[in-house]
J.: 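Got a structure for you, questions after.
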Number of protein chains: 2
Amino acid sequence: MATIKDIAKLAGVSVTTVSRALNGYSDVNADTRKRIEQIAKEIEYSPNALARSLVMKHTKTIGLLVSGLSRDGAKDNIVFDVLTGINEYCGSMGYDLVLFNTTTSKQKEKTYAQLCRERRVDGVIVQGIKKDDPYLIEIFDSNIPCVLIDVPVENEHTGYVSTDNVDGSMKAIRHLAELGHSNIAMINGHDQAYVSKERRKGFELGMVEEGLDIHPEWIVNGEFTELKAEEAAYQLLKNNPEITAIFCASDLMALGVMRAAFDLGKKIPGDLSIVGYDDITLASYVTPALTTIAQDTFRMGYEAADLLLKILHQTDEKRVQLIDNELKVRKTTTRCN
Amino acid sequence: MATIKDIAKLAGVSVTTVSRALNGYSDVNADTRKRIEQIAKEIEYSPNALARSLVMKHTKTIGLLVSGLSRDGAKDNIVFDVLTGINEYCGSMGYDLVLFNTTTSKQKEKTYAQLCRERRVDGVIVQGIKKDDPYLIEIFDSNIPCVLIDVPVENEHTGYVSTDNVDGSMKAIRHLAELGHSNIAMINGHDQAYVSKERRKGFELGMVEEGLDIHPEWIVNGEFTELKAEEAAYQLLKNNPEITAIFCASDLMALGVMRAAFDLGKKIPGDLSIVGYDDITLASYVTPALTTIAQDTFRMGYEAADLLLKILHQTDEKRVQLIDNELKVRKTTTRCN
DNA sequence: TTGTAAGCGTTATCAC
DNA sequence: GTGATAACGCTTACAA
């Protein structure tokens with residue numbers, strides 16, 4: 001593979017001149033530059049990013065630490081959307097992405113910092129990490145620029161992007177209350193998720209705001225999976241037939257709840273109103289179409305990348321970016337009768 | 001950041017010894033090794049992959065060239081599934097992935113080979129490339145190990161994974177014929193896709209096999225999008241009410257066809273049977289659930305990575321990997337009346 | 001405007 | 001078992 005040395009030899013100049021010519025420095029004769037560029041093209045030279053990075057101390061790559069990059073992450077397209085957003089912004093800024101593999105055993109022994117340092121990524125975006133993940137404190141302690149999706153960690157070198165999960169949940173409850181519901185249950189995710197905590201808070205705040213009774217036993221975890229949510233909802237609905245509405249901390253779980261309702265012979269939305277969270281693709285395709293709190297996950301990824309590069313270049317003091325969410329009323333909610 | 005030089009100084013040995021100790025060579029004293037490892041841990045040493053790659057001539061990374069990594073790629077989860085499969089296998093083999101950004105203007109000027117050479121990836125997996133993409137010949141001409149998804153290119157250093165699209169389509173037609181359909185139309189993708197050509201071939205072969213008439217004007221392109229397919233199907237169905245079944249070259253397009261049928265007041269499957277292709281997540285969630293030819297896209301990614309590493313290490317002569325597909329009968333097909 | 005030489009952090013060759 | 005030293009391909013003082 002051609003190197004600048006080859007070009008230098010062919011052009012009869014030093015490597016210094018070649019380097020400067022190719023990198024657009026001004027202090028090089030127009031003719032020599034032209035000649036060098038010509039030769040570079042001829043011998044199909046492409047710069048060795050490794051060598052350059054080694055001396056320049058940066059790689060123009062940012063690392064991605066993704067938990068949901070597994071087979072069933074496909075159902076909710078959240079991970080994908082965020083990834084797309086990141087990719088879009090990074091691409092426009094000339095950064096490449098490297099996907100770190102944290103799931104498999106081979107890399108599992110390596111710590112977060114090791115992963116990043118070895119590859120010398122300039123920064124990292126972390127998605128889908130749990131509150132009790134040991135990586136989390138490592139992120140905080142290491143001095144690697146980092147932004148997290150939906151986990152509030154703030155620092156000189158780390159920030160996060162999220163949505164207002166409390167407010168989002170309150171929107172859901174308000175909507176349900178306006179429709180006359182008062183016996184509202186909630187299927188939450190799990191205790192290791194920051195968003196679960198927030199959405200529960202929003203649920204409770206919304207309930208008191210509307211003057212509704214909170215039944216703690218009507219708040220159960222569905223582990224963010226369709227199946228677990230279905231099971232949980234089945235029991236809940238069977239034992240408490242007075243429940244007329246359920247707020248779910250994710251659309252996928254809402255789908256599970258719909259299934260449970262179906263099994264119990266409950267009509268949606270006639271007998272039971274449901275509102276989900278996320279607005280995944282499935283939400284609008286399913287019948288009846290799911291009322292939900294929409295998050296712009298693409299934008300979350302996009303803004304995460306933006307924030308990270310700002311931290312990297314110290315061009316901004318900002319460490320937090322909140323994205324709007326929005327109630328999308330579709331067909332799973334109706335007036336309480 | 002700590003280097004082997006630092007360790008060497010601290011341990012009172014040469015860098016050579018450190019390097020050998022850390023890389024598990026046998027010709028190093030057990031005590032010195034222990035001491036070195038100890039120090040490495042203490043000063044939080046992590047090897048610089050850049051430096052290592054520079055001398056070793058390989059990076060343990062494989063590049064990803066993905067066309068569908070855009071916002072609407074989320075609806076069909078194909079890209080994501082393939083990516084997941086690749087990630088899984090590569091992770092297990094200690095390879096990291098770098099996502100090349102081909103969509104944005106910034107990188108667009110760079111050629112395929114430049115992209116790969118600059119980053120010094122050991123190999124590449126290409127997904128969603130069109131038949132007339134200039135990258136394609138570059139892939140063939142360059143000597144970078146490469147495997148493509150669903151594009152048949154074979155070479156010393158390049159291979160591909162795909163499914164038997166002809167046979168898959170024939171399965172669809174057979175199924176329809178068994179149900180008594182004879183007026184069968186097809187919504188195909190576009191002419192720049194290899195799979196479109198194959199699926200059309202399968203459609204035609206299936207029709208003659210079943211002794212059915214092929215109406216060339218009943219085969220139209222839907223560009224693999226829901227909307228275009230809906231429009232195409234609307235006209236087709238309106239002008240040719242005798243059509244009782246449509247075979248679609250993708251599930252997404254099948255969804256569009258369902259919409260068109262609905263607009264025309266046609267019941268599915270009563271008035272119109274539909275079979276899709278891919279078995280995306282939506283297919284089984286939509287009502288009525290979509291009969292389709294299922295492809296194991298995760299496996300395609302997994303096998304692509306496997307194949308690539310085999311090419312890389314020259315451990316196998318194989319350049320082609322075909323994955324099975326399977327007819328999944330759900331609710332959009334029924335007996336013709 | 002151009003060249004010399006040092007240095008980035010490794011591994012590899014060869015000698016001791 | 002261990003250590004000099006060259007090499008990988010590039011950028012960057014500094015000198016000319």
Side-chain angles (χ1 to χ4, degrees), chain A residues 1-37 39-40 43-61 94 96 113-122, chain B residues 1-37 39-40 43-61 94 96 113-122:
Chain A
M1 211 165 292
T3 73
I4 49 170
K5 229 183 234 170
D6 300 326
I7 302 182
K9 205 165 291 176
L10 256 25
V13 295
S14 74
V15 291
T16 313
T17 308
V18 176
S19 175
R20 278 194 292 233
L22 260 22
N23 287 306
Y25 280 58
S26 57
D27 62 347
V28 42
N29 183 287
D31 282 347
T32 30
R33 156 167 291 130
K34 200 152 281 174
R35 191 151 39 94
I36 286 169
E37 283 170 345
I39 294 173
I43 66 175
E44 288 188 307
Y45 167 76
S46 43
N48 185 331
L50 297 172
R52 172 183 286 152
S53 295
L54 189 56
V55 15
M56 302 260 272
K57 302 309 198 183
H58 67 252
T59 53
K60 282 275 202 169
T61 57
D96 282 330
Q114 273 175 321
L115 238 37
C116 300
R117 277 208 266 268
E118 272 187 30
R119 290 291 186 186
R120 291 300 192 270
V121 293
D122 295 340
Chain B
M1 212 165 293
T3 72
I4 49 171
K5 234 180 230 170
D6 299 326
I7 302 181
K9 205 163 292 175
L10 255 28
V13 296
S14 74
V15 291
T16 313
T17 308
V18 177
S19 175
R20 277 194 294 232
L22 260 22
N23 287 303
Y25 280 59
S26 56
D27 62 346
V28 41
N29 184 289
D31 283 347
T32 30
R33 155 168 294 128
K34 201 153 281 175
R35 190 151 38 95
I36 286 170
E37 283 170 345
I39 294 174
I43 65 175
E44 288 187 308
Y45 167 78
S46 43
N48 185 331
L50 298 172
R52 172 183 285 152
S53 294
L54 190 57
V55 16
M56 301 260 273
K57 303 301 195 194
H58 66 250
T59 54
K60 281 276 201 170
T61 58
D96 281 330
Q114 273 174 321
L115 237 38
C116 299
R117 278 207 267 267
E118 271 186 30
R119 291 292 186 188
R120 291 301 192 271
V121 294
D122 295 340

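Below, read A as the first sequence line, B as the second, and so on, with proteins coming before strands; counting in each chain starts at 1. Everything quoted here is computed from the prediction, not taken from an experiment.
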J.: How close or far is atom P of dG9(D) from atom CZ of R117(B), stated in whole angstroms?
T.: 14 Å

J.: Take the C1' atoms of the five end pairs on each side of the helix from dT1(C)-dA16(D) to dC16(C)-dG1(D), get both axes, and report the angle to 10 degrees.
T.: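 Axis angle across the helix from dT1(C)-dA16(D) to dC16(C)-dG1(D), nearest 10°: 40°.
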
J.: To the nearest Å, how far apart are D6(A) CG and dC8(D) P?
T.: 11 Å

J.: If you look at every heavy atom in R35(A) and A11(A), which pair is closest and at what distance?
T.: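 Reported closest heavy-atom pair: NH1-O, 2.5 Å.
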
J.: Drop me the distance from R52(B)'s CZ to H58(B)'s NE2, to the nearest 0.5 angstrom.
T.: 8.0 Å

J.: What is the distance from atom CZ of R117(A) to atom CD of E44(B), rounded to the nearest 0.5 Å?
T.: 5.5 Å

J.: Give one of base, sugar-phosphate or nothing for D27(A), where a contact means two heavy atoms less than 4.0 Å apart.
T.: base

J.: So if I apply the side-chain contact (heavy atoms from CB on, under 4.5 Å) rule between R20(A) and each of N23(A), T16(A), V18(A), which one comes out positive?
T.: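 Option passing the side-chain contact (heavy atoms from CB on, under 4.5 Å) with R20(A): T16(A).
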
J.: Are the side chains of K5(A) and K9(A) in touch, meaning some heavy atoms are under 4.5 Å apart?
T.: no

J.: Under a 4.0 Å heavy-atom cut-off, which of residues 30-37 of chain A touch DNA chain D?
T.: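 Nothing qualifies; none.
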
J.: Quick check on dT2(D): is either OP1 or OP2 less than 4.0 Å from any side-chain nitrogen or oxygen of S14(B)?
T.: no

J.: At their closest point, which heavy atom of T59(B) faces which heavy atom of D122(B), and how far apart are they?
T.: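 Scanning both residues, the minimum pair turns out to be N-OD1, 2.9 Å.
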
J.: For K60(A) versus R119(B), what's the shortest heavy-atom pair and its separation?
T.: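 Shortest heavy-atom contact: O-NH2, 2.9 Å.
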
J.: Would a 4.5 Å heavy-atom cut-off, applied to side chains only, mark L54(B) and N48(A) as touching?
T.: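 Yes, their side chains come closer than 4.5 Å.
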
J.: Would you give a per-nucleotide map of nucleotides 9-16 of chain C, 5' to 3', where B means the base has a protein non-hydrogen atom under 4.0 Å away, S means only the sugar-phosphate does, and - means neither?
T.: BBBBBB--

J.: Say you draw a straight line from CG of D31(A) to CD1 of I36(A); how long is it, rounded to the nearest 0.5 Å?
T.: 11.0 Å

J.: If you compare all heavy atoms of N29(B) against all heavy atoms of T32(B), which two are closest, and at what distance to 0.1 Å?
T.: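 Looking at all heavy atoms of both residues, the closest pair is O-OG1, 2.7 Å.
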
